[in-house]
Amino acid sequence: MLIATWNINSIRARETRLLDWLQSRQPDVLCIQELKAPEQEFPFESLQQYGYYAAVFGQKTYNGVAILARSEPEDVESGFGDDTDDVQARFIAATVDGVRILSTYVPNGERVRSEKYIYKINWLYRLRTYLKDHTLLTGPVAICGDLNIAPEERDIANPDAWEGSVLFNPDVRAEFRSLLSMGFMDTFRLHEAESGYYSWWDYRNRGFERNDGLRIDHILVSRELSPQCTAARIDREAREGEKPSDHAPVLAVFD
DNA sequence: ATGGTTGCTTAGCAA
């Protein structure tokens, strides 16, 4: 089973790229983030022609998440359902082939101590609460998505420049570790210990050409799944060429 | 410290 996650930065701007990528990589599951479109504008028909079902939680202009799968997603849940009045579409869950799949778009946070940053930290707390309340600490579970956290120095080309930012600071590192302490494993680090592997490169400083990036997109899996993870990688190739997303897809293979 | 680029939406926000 091949599980992947990709912040595509607009489903409409990236539809052709997405379809081409699905055809070449043939994942069983692809979690996508930043649709930047409501569900009515989601290309269900073309995805169906490529052999994929879709569970979609859309939103006009911002955010938006989905789970694409070759088998039909079951028990779809959009949002945390935690009686906050949150309107941001950043979370969808579904069961595919017996695995509970979570497609998450963690808030960026803008800058530390900003209102958006407080929302980010609180959102991560709500995610952990969701995991506990939905008995996702046991069983096969995969937390996939743009977590907007670089876990360690080796996940950043220039860690000194990023220390203290919303993507890399003691608070968000602790948030990431608390997911690990709940039993989840970072699939990429099960197979690769070296630095130099990133999933996001800022458009603004032409970071990709210099491989000046951060590893902020992740596939975290539960204790039940992690022993079956036989490979993990980042598809840097998908960041190349004309009009790429600023993120690359992250993949994990399971027996 | 600021701004650089991209996408959505059409001047400004978000990343």
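FYI, side chains are in, hydrogens and waters are out, and symmetry mates aren't considered; it's all heavy atoms of this structure.
Using the six-membered ring where Trp is involved, A:Tyr130 and A:His134 have ring planes that are parallel, under 30° apart on the 30 and 60° scheme. Between A:Trp123 and A:Phe80, the ring-plane angle classifies as tilted under the 30° and 60° cut-offs.
With P as the reference atom, B:dA1 and B:dA11 are 32 Å apart, rounded to whole Å. With C1' as the reference atom, B:dA14 and B:dT9 are 12 Å apart, rounded to whole Å. For the P atoms, the distance from B:dT6 to B:dT2 is 23 Å, rounded to whole Å.
Remark: A:Met185 CE is loosely packed, at most 12 non-hydrogen atoms of other residues, nucleotides or ligands lying under 6.0 Å away.
Checking the phosphate oxygens (OP1, OP2) of B:dA1, no side-chain nitrogen or oxygen of A:Arg111 falls inside 4.0 Å.
B:dC8 atom P lies 10 Å from atom CD1 of A:Ile8, rounded to whole Å. Atom P of nucleotide B:dT5 and atom CG of A:Asp212 are separated by 15 Å, given to the nearest angstrom. If you take CZ of A:Arg210 and P of B:dG4, they are 15 Å apart, rounded to a whole angstrom.
Checking A:Trp6, A:Phe176, A:Phe188 one by one against A:His218, the ring pair (Phe, Tyr, Trp, His ring centres under 6.0 Å) holds for a single residue, A:Phe176.
Residue A:Phe57 holds its CZ atom at 11.0 Å from CZ of A:Arg90, rounded to the nearest 0.5 Å. Remark: A:Asp155 CG to A:Trp200 CH2 distance equals 14.0 Å, nearest 0.5 Å.
If you find the closest nucleotide of DNA chain B to A:Arg206 and to A:Arg12, the one lying nearer the 5' end belongs to A:Arg206. Nearer the 5' end of DNA chain B, as judged by each residue's closest nucleotide, is the contact made by A:Asn205, out of A:Asn205 and A:Ala13.
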Pick out the pairs of N or O atoms, protein on one side and nucleotides 11-15 of chain B on the other, that lie under 3.5 Å.
| unit_1 | atom_1 | unit_2 | atom_2 | d |
| --- | --- | --- | --- | --- |
| B:dA14 | OP2 | A:Lys116 | NZ | 2.9 |
| B:dA15 | OP1 | A:Arg90 | NH2 | 3.1 |
| B:dA15 | N6 | A:Arg204 | NH1 | 3.3 |

